[in-house]
Chemist: 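This is the structure, below, for whatever I ask next.
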Number of protein chains: 2
Amino acid sequence: MSKENIQSIVDRYIDVSFSVTKKEEALMTKELGSEITQDQHYILRYIYRVGSCTSTELAEAFEVKKSAITAIINRLWEKGFIKRTRDEKDRRVVYLTLTEQGEEFFQRIEEKINCLIEKLISKFEPSEMEQFIKTYEKLNQMLIEIKDNQIDHL
Amino acid sequence: MSKENIQSIVDRYIDVSFSVTKKEEALMTKELGSEITQDQHYILRYIYRVGSCTSTELAEAFEVKKSAITAIINRLWEKGFIKRTRDEKDRRVVYLTLTEQGEEFFQRIEEKINCLIEKLISKFEPSEMEQFIKTYEKLNQMLIEIKDNQIDHL
DNA sequence: TTTAATTGTTAAATAGTTTAACTATCTCCA
DNA sequence: TGGAGATAGTTAAACTATTTAACAATTAAA
């Protein structure tokens with residue numbers, strides 16, 4: 001592959017990933033309404049999936065400092081979506097779970113977002129979308145390896 | 001395609017797009033260093049590409065309010081990367097361009113980022129990456145149409 | 001048992017965002 | 001032609017998300 005071709009692919013990749021991310025966020029924000037933000041939604045999503053987790057775990061998953069998580073959790077806690085439970089054995093640890101209200105809220109939101117993405121995805125041939133996601137997941141795997149191995153130069 | 005399959009594809013899509021975006025941003029932030037932020041970099045990138053533009057144009061391109069653009073432009077202006085030039089014919093309009101310093105800075109950053117993305121992309125078969133980007137661009141096109149047509153229900 | 005490390009929080013600072021009000025300028029039509 | 005309304009950009013206030021640095025409480029390790 002020639003240098004020009006690679007450069008063109010790189011340019012197209014940067015443009016399209018930026019553009020798609022922006023537009024999807026805009027659509028999602030519309031679905032979320034004014035109740036919660038994107039970041040808060042992703043945190044709810046994470047906790048919903050795993051059932052229970054700690055601030056440290058969230059900080060690692062989202063690649064931010066723990067104090068950033070504290071701030072988001074505080075806002076979700078004020079809305080009544082999050083419950084904090086101290087570990088009785090190791091009293092430093094605080095387990096985060098969704099309240100009943102938080103769970104209901106998340107499910108309601110998630111249905112809308114699933115619907116949105118589904119309609120978007122369903123415009124493609126299943127095989128094309130399958131291949132797209134496979135490559136996307138491969139890319140993700142490579143990024144995980146880069147991070148784990150601390151290979152700054154790849 | 002069955003309902004379960006679609007749901008599974010939707011889940012995988014949401015997960016992988018979130019994950020890749022996060023990790024790419026983390027890598028890019030490392031390349032950018034402490035001089036500018038992601039958002040500032042994207043603004044520089046836009047102006048570098050088009051040569052000259054207005055706040056209104058940037059606000060539309062980035063789907064934010066004009067006052068958000070003013071804030072970012074102010075920070076880039078303080079760093080000496082942006083020049084503001086009033087239109088002599090329509091004195092409401094302010095043209096934004098990169099200063100020489102801004103251009104040099106952007107090129108330096110961009111080289112690093114291109115290098116990063118290139119190394120990532122080059123691990124794939126060219127045909128696989130080509131197909132991936134084609135589908136990605138199709139997705140982008142669909143998102144543009146949704147936005148233009150204001151089809152909230154798709 | 002003193003020293004280390006870990007977990008989570010708080011406080012201060014910065015960036016990005018929206019809404020609302022404002023200035024300056026331009027357009028247009030009565 | 002002159003006044004009303006539209007447009008371009010800024011400012012101010014409020015909010016969210018983020019980092020750094022310091023801290024308290026607790027646990028692990030020497």
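Labels below follow one simple rule: chain letters A, B, ... track the order of the sequence lines, proteins then strands, and each chain is numbered from 1.
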Chemist: Is it true that Asp39(B) and Arg75(B) have a side-chain N and a carboxylate O under 4.0 angstrom from each other?
Modeler: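 Salt bridge absent between Asp39(B) and Arg75(B).
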Chemist: Closest approach to the side chain of Arg92(A), judged atom by atom: which nucleotide of dT10(D), dT27(D), dT10(C) is it?
Modeler: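 My answer, after comparing the listed nucleotides, is dT27(D).
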Chemist: Among the nucleotides dT16(D), dT10(C), dT19(D), which one has an atom lying closest to any side-chain atom of Val64(A)?
Modeler: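 So the side chain of Val64(A) is nearest to dT19(D).
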Chemist: Please determine, for dT7(D), whether a Watson-Crick or G-U wobble partner exists with both distances under 3.5 Å, and give it or none.
Modeler: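 dA24(C) - that is the nucleotide pairing with dT7(D), both distances being under 3.5 Å.
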Chemist: Compare the minimum distances between each of dT10(D), dT27(D), dT9(C) and the side chain of Lys66(B), then state the nucleotide with the smallest one.
Modeler: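 Among dT10(D), dT27(D), dT9(C), the one nearest the side chain of Lys66(B) is dT10(D).
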Chemist: Would one find a side-chain N or O of Thr54(B) under 4.0 angstrom from OP1 or OP2 of dA8(D)?
Modeler: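 Looking at the OP1 and OP2 atoms of dA8(D), neither is under 4.0 Å from any side-chain N or O of Thr54(B).
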Chemist: Let me know the distance between CG of Leu58(A) and P of dT7(C), rounded to the nearest Å.
Modeler: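 Taking CG of Leu58(A) and P of dT7(C), I get 13 Å after rounding.
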Chemist: Going by atom types only, do Lys66(A) and Thr70(A) share a side-chain donor-acceptor pair under 3.5 Å?
Modeler: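 Short answer, no.
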Chemist: Whole-Å distance between dT26(D) P and Lys89(A) NZ?
Modeler: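 Atom NZ in Lys89(A) sits about 18 Å away from atom P in dT26(D).
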Chemist: Over how many whole Å does the gap from Asp39(A) atom CG to dT19(D) atom C1' extend?
Modeler: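 My rounded result for the distance is 15 Å.
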Chemist: Strictly below 4.0 Å: does Arg84(B) bring a side-chain N or O up to OP1 or OP2 of dT10(D)?
Modeler: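 It does, given that an N or O in the side chain of Arg84(B) lies less than 4.0 Å from OP1 or OP2 of dT10(D).
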Chemist: Provide, to the nearest angstrom, the distance between the NZ atom belonging to Lys65(B) and the P atom belonging to dT11(D).
Modeler: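 In whole Å, dT11(D) P lies 19 Å from Lys65(B) NZ.
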Chemist: If only side-chain N and O atoms of Thr70(A) are considered, is one of them under 4.0 Å from the OP1 or OP2 phosphate oxygen of dG8(C)?
Modeler: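 Looking at the OP1 and OP2 atoms of dG8(C), neither is under 4.0 Å from any side-chain N or O of Thr70(A).
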Chemist: How would you label the glycosidic angle of dA4(C): syn (within 90° of 0) or anti?
Modeler: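 Syn conformation here, the glycosidic angle of dA4(C) being no more than 90° from 0.
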Chemist: Quick check on dG16(C): is either OP1 or OP2 less than 4.0 Å from any side-chain nitrogen or oxygen of Gln40(B)?
Modeler: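 Yes, such a contact exists.
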Chemist: If the test is side-chain hydrogen bond (donor to acceptor under 3.5 Å, both in side chains), which one of Glu137(B), Glu118(B), Glu24(B) qualifies with Tyr13(A)?
Modeler: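 For Tyr13(A), the side-chain hydrogen bond (donor to acceptor under 3.5 Å, both in side chains) check succeeds only for Glu24(B).
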Chemist: Are Ser55(B) and dT10(D) close enough that a side-chain N or O sits under 4.0 Å from OP1 or OP2?
Modeler: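 Yes.
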Chemist: In whole Å, what is the span from the CD1 atom of Ile43(A) to the C1' atom of dT16(D)?
Modeler: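 Between C1' of dT16(D) and CD1 of Ile43(A): 13 Å.
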Chemist: Can you confirm whether the side chains of Tyr48(B) and Glu110(B) place a donor and an acceptor under 3.5 Å from each other?
Modeler: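 Tyr48(B) vs Glu110(B): no donor-acceptor pair found between side chains.
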Chemist: Write down the distance between CD (Glu78(B)) and P (dT10(D)), rounded to a whole number of angstrom.
Modeler: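 Rounded to the whole Å, the gap is 13 Å.
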Chemist: Among dT16(D), dT18(C), dA15(C), which nucleotide has an atom closest to any side-chain atom of Arg75(B)?
Modeler: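 For the Arg75(B) side chain, the nearest candidate turns out to be dA15(C).
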Chemist: Considering every strand and a 4.0 Å limit on heavy-atom distances, what is the contact class for Thr37(B): base, sugar-phosphate, or nothing?
Modeler: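 Here Thr37(B) touches the backbone only, sparing every base.
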Chemist: May I ask you to say what Ser67(B) touches in the nucleic acid, namely base, sugar-phosphate or nothing, with a heavy-atom cut-off under 4.0 Å?
Modeler: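 Base contact.
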Chemist: If I take atom CG in residue Leu96(A) and atom P in nucleotide dG8(C), what distance separates them, rounded to the nearest angstrom?
Modeler: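 Spelled out: CG on Leu96(A) to P on dG8(C) is 8 Å.
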Chemist: Does the separation of the ring centres of Tyr136(A) and Tyr136(B) fall below 6.0 angstrom?
Modeler: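 When the ring centroids of Tyr136(A) and Tyr136(B) are compared, they turn out to be within the sub-6.0 Å range.
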Chemist: Looking at Glu35(B) and Lys79(B), does any basic side-chain N land under 4.0 Å from a carboxylate oxygen?
Modeler: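 No, no charged N to carboxylate O under 4.0 Å.
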Chemist: Using whole Å, report how far CD of Glu88(A) lies from P of dT7(C).
Modeler: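 Whole-Å distance recorded here is 18 Å.
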Chemist: Tell me which nucleotide among dT17(C), dA8(D), dT18(D) gets nearest to the side chain of Val93(B).
Modeler: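 Of dT17(C), dA8(D), dT18(D), dA8(D) is nearest to the side chain of Val93(B).
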Chemist: Looking at the side chain of Asp90(B), which of dT9(C), dG9(D), dC26(C) is the nearest nucleotide?
Modeler: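 The answer is dC26(C).
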Chemist: What's the closest nucleotide to the Ile72(B) side chain, out of dT19(D), dT10(D), dT17(C)?
Modeler: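 Ranking dT19(D), dT10(D), dT17(C) by closest atom to the Ile72(B) side chain puts dT17(C) first.
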